[in-house]
There are 2 protein chains.
Amino acid sequence: MSDYARATIADVAERAGVSIATVSRVINKTGQVSAATAARVESVISELNYAPQAAARGLASRRTNTIGLILREITGEFFQPMLRGIEAGTRELGYDLLIHCTHRSPEVQSPANYPLSEHNSDGLLVFTDSLDEAEIIRLYYAQFPLVLLHRSAPPGLHIPCVTCENKSGARRLIDYLIEQRGCRRIAFLSGPDGAEDSYWREMGYRESLAAHGIPFDPRLVTLGGFDQHQGRIAVHQLLSRSVQIDAIFAGDDDTSIGVIDALKEEGLRVPEDIAVVGFDDIPLARYLTPPLTTVRAPIETAAREAVHQLVRLIRTGEADRLTLLPTELIIRRSCGAT
Amino acid sequence: MSDYARATIADVAERAGVSIATVSRVINKTGQVSAATAARVESVISELNYAPQAAARGLASRRTNTIGLILREITGEFFQPMLRGIEAGTRELGYDLLIHCTHRSPEVQSPANYPLSEHNSDGLLVFTDSLDEAEIIRLYYAQFPLVLLHRSAPPGLHIPCVTCENKSGARRLIDYLIEQRGCRRIAFLSGPDGAEDSYWREMGYRESLAAHGIPFDPRLVTLGGFDQHQGRIAVHQLLSRSVQIDAIFAGDDDTSIGVIDALKEEGLRVPEDIAVVGFDDIPLARYLTPPLTTVRAPIETAAREAVHQLVRLIRTGEADRLTLLPTELIIRRSCGAT
DNA sequence: CGTTACACTGTAAGCGTTTACACCACAAAC
DNA sequence: GTTTGTGGTGTAAACGCTTACAGTGTAACG
C-alpha cells in the first residue's frame, strides 16, 4: 500500500537539528528542553505532519495507552449508554478504546490467538460474563489491571467491580407494587443463566415479599432471559400454569417489551389485569404502551466510573473494591399509576 | 505495576529448543515447520500462556491488525446497529476495533496529539462528518486506507463510500403520502448542517413533489437536526408560521419522536390532523404511539459492508467506489394507514 | 556417488520509539 | 579559581517481534 514513507522521529530530529531524544522529550513533555528548541521542534513536527507511531511507543515504553473492553456482543438497548460512558471515560483520561466481542463463547478460542488482553492494552474492562472465569483468574495472577462491570469477582480475588444497586432497586420496586398498588401475586422473570444482576434483583424481590408476609411461590418465577423474545415465551409459560398473577416483574426493560406484547395478544389489559414493571429505564421505556414503570439504572455513569477505576488501578495500583451506584424508582402507567 | 515478567517469544524458543524465528513461523503459520516441532512449540506456548505482544508485532510487521472507527459521538438509536455491523465485520476478518470520538470538534486538536490514524490502525472508517475534510484529504494523499460511512468523498478524491439509498427511499415515502394518503402540504425537517443523508432525503422529497405537480414551499422546510429536542422546536416553528400542513417528514426517526410529542402537546392528533413519517426504522419506531411509518435503512449491513470494503482496500488496494444499500418502505399507523 | 531440490531451521538486521546515562556549559558558591 | 550544582542536550541500549538470507540434512535423481 503506502510505499510512501511516513515521517519518523529521526526525520524531525534531523530537520530541527537536534537529537531524537530531544524530540521525544518535546512530544512527551518529559525532561527539560529550552523554550527555543521546543518551539523549533514543534514547528518541524507540524510541518512534517509527524505523529509518533503507537506500536513503537508501546514497545519502548511498555504502555499502550489503550483500554480494552470485553463483551459478549453489542446488542440490546443497554449497550448504548454504557458505551457512551466508557467512551467519555477513556477520552477524559486520554486513553484509546479497543473493543472485543467474545461472542457466543467466553472461553478463549485458541491459545496463541491473542484475545484482547495484556498484549495490546494497559487494562481491561470486563462486562458481565464476557470472559471465562479461568481467564479472569489468570489475568489477575498475571497482575494485569482488570475492572469488572456488572459482575462480581471470583471468590478471593481482589478485583474492583462496578455495578448498580440491583437488590435495593428491586426491593423498592416490589415494595411499591405491594404497598401502593395492592399486588400480592407478583411473577419474576430471571435473566439468562448466571447473570448476576438478575440474582440480586431476585434477592430484592424475595426480600420485599418476605417483609410483607407474602410467601415465595416458585411457580411465579421463570426465565425471562433479559430478552424480548424470551419475555413472550415466559408469559405463555406463566399463563399455562394457571396460577393467579396480578403483576409481572420482567427482570429488565427489554424483557418487559415482550411481556407487554404477549399479554396484549392474550387479551389481557396492562395494567388493569396485570401490571408490568421492568428494570434499567432504557430510552424506549417511556414510549411503550402503557409507559413502563421501572428502576432507573445509571448505566452510563457506571461505565464511566469503571473506566476511572481502571485507570486509577493502572496508574497507582489501587482502586475501590466495589462501586455500587444508586438506582431510582420511575413510576409510569404500566403498574396502574395514573 | 506488574513487575512480573511476561513470557516473550525468546522464552518460548528456549523452552522448546528452537530459534525465535521458528516460533514466529508457528504462530503466524508462515513458512515451513515440521509437524513435530510445531506441536512442541504449541505446547510450550500454552504451557507458558504466551501471547505475542501487539506492539512488537506491529513495529516489526508494519501492520496493526486494527481498524479505526472515527465518529463524533456515540449517541442516538442509530449507533447500536451500526456498531454491531462494524464489530461483526472486524471479527469476521480478524481485525481489532479501535474507537475514537472527535466529539464536538472534527478538526484535529493538537498537531502531535495523535488522533486515531496511520499510527495505530491499518485503515479508518469515517462516519459522516466526524473528520475535518482537510484531514481526510491529508490521509488520502498519504495513501492511508479510508472508507467513508454515510457521507461522500470530497470532490476529486477516489475514496470508497458506503451509504443507504436516501433519495429513492424518501421519494417512495413521499410518493406514498401523496398518492395513498392524499397529503399535499408536507413539511420537511432537515438534519444538522452538512448532513448528507439529509440532503439526499430532501432531494427525494422535492422530486416526489415535482412529480406530482405540487410546488415546493420553503415555509414547509425547517431544521430538525436529527434529534428529538430539535424536532419539538421545529414543530413549534412550523405551527407559528400559520401555513397549512397535513404531514411532517421528520428527516429521521429520532426527530419523529420529538415531533409526535410536540404535536400532542399542541392538541393535534397524529395522524388524523397531521401525519408523521420518519426515516431509519430504529427499533423504537414501532413502539411509538402511533407506531411510526418510516423507511428502513440497513444500518447494520451498511456498517458491515464498509468494514469489508476497507479490509479489501487495505489488502488489495482496491475497493468499490460507492456502495449504495437499498431501503424499504415501512407503513405503520402514524401516516394514517390502518 | 556427486548433484540438485527441497523441507526445515537458525542468524541477524531492522522496525521507531523511550529512557538511563553521560556529557557539557555556565552560574553560583566557597 | 576551584568546586558544585543544574538546565540543556546527545548517545546508545533496550523493547519483542518479523523476515530476508543463509545455512543444514536428507531424499531423489542422474
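Note that the structure is a prediction, hence the values are computed from the model and not measured. Naming convention: chains lettered A, B, ... in sequence-line order (proteins, then strands); numbering from 1 in each chain.
Applying the side chain to side chain donor-acceptor pair (under 3.5 Å) test to B/Ser24 and every residue at least two apart in sequence or in another chain returns B/Asn28. Not counting sequence neighbours, B/Glu196 has no partner by the salt bridge (Lys or Arg N to Asp or Glu O under 4.0 Å) test. Take B/Arg312 and apply the salt bridge (Lys or Arg N to Asp or Glu O under 4.0 Å) test, not counting sequence neighbours, and it matches B/Asp320. Take A/Thr37 and apply the side chain to side chain donor-acceptor pair (under 3.5 Å) test, not counting sequence neighbours, and it matches A/Ser34. Under the side chain to side chain contact (heavy atoms under 4.5 Å, CB included) criterion, B/Ala134 pairs with B/Asp132, not counting sequence neighbours. Residues passing the side chain to side chain donor-acceptor pair (under 3.5 Å) test with A/Asp11: none are found, sequence neighbours excluded.
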Dump every N/O contact between nucleotides 19-28 of chain D and the protein below 3.5 Å, one line per pair.
unit_1, atom_1, unit_2, atom_2, d
D/dT19, OP1, B/Arg63, NH2, 3.2

Contacts under 3.5 Å, N or O only, protein and nucleotides 5-7 of chain C:
unit_1, atom_1, unit_2, atom_2, d
C/dA7, OP2, B/Gln32, NE2, 3.4

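When rounded to the nearest whole Å, the span between CG of B/Leu59 and C1' of D/dA14 equals 12 Å. Rounded to whole Å, the distance from CG on B/Asp11 to P on D/dC15 is 11 Å. Distance CD1 (B/Ile9) to P (D/dC15): 15 Å, rounded to an integer number of Å. Remark: C1' of C/dG16 and CZ of A/Arg6 are 12 Å apart, rounded to the nearest angstrom. Rounded to whole Å, atom P of D/dC17 lies 17 Å from atom CD of A/Gln53. Nucleotide D/dC15 holds its P atom 21 Å from the CG atom of A/Asn65, rounded to whole Å. Distance CD1 (A/Ile27) to C1' (C/dG16): 11 Å, rounded to an integer number of Å. Whole-Å rounding puts the A/Lys29 NZ to C/dT19 P distance at 15 Å.
Side-chain atoms of A/His308 and A/Glu92 include a donor-acceptor pair closer than 3.5 Å.
A 4.5 Å side-chain heavy-atom check between B/Arg72 and B/Asp129 finds at least one atom pair inside the cut-off.
Within the structure, every pair that satisfies the salt bridge (charged side-chain N to carboxylate O under 4.0 Å, His left out) test and touches residues 144-158 of chain B, not counting sequence neighbours, is listed here: B/Glu133-B/Arg151. Applying the salt bridge (charged side-chain N to carboxylate O under 4.0 Å, His left out) rule to pairs touching residues 14-32 of chain B yields B/Arg15-B/Glu47, sequence neighbours excluded. Judged as a ring-ring contact (aromatic ring centres under 6.0 Å, His included), not a single pair has a partner in residues 7-45 of chain B (not counting sequence neighbours).
Phosphate proximity of D/dG8 to A/Thr37: absent, as no side-chain N or O sits under 4.0 Å from OP1 or OP2. Proximity of B/Thr8 to the phosphate of D/dG16: no side-chain N or O atom is located under 4.0 Å from OP1 or OP2.
When the local axes at the two ends of the helix from C/dC1-D/dG30 to C/dC30-D/dG1 are compared, using 5 base pairs at each end, they differ in direction by 50° after rounding to 10°.
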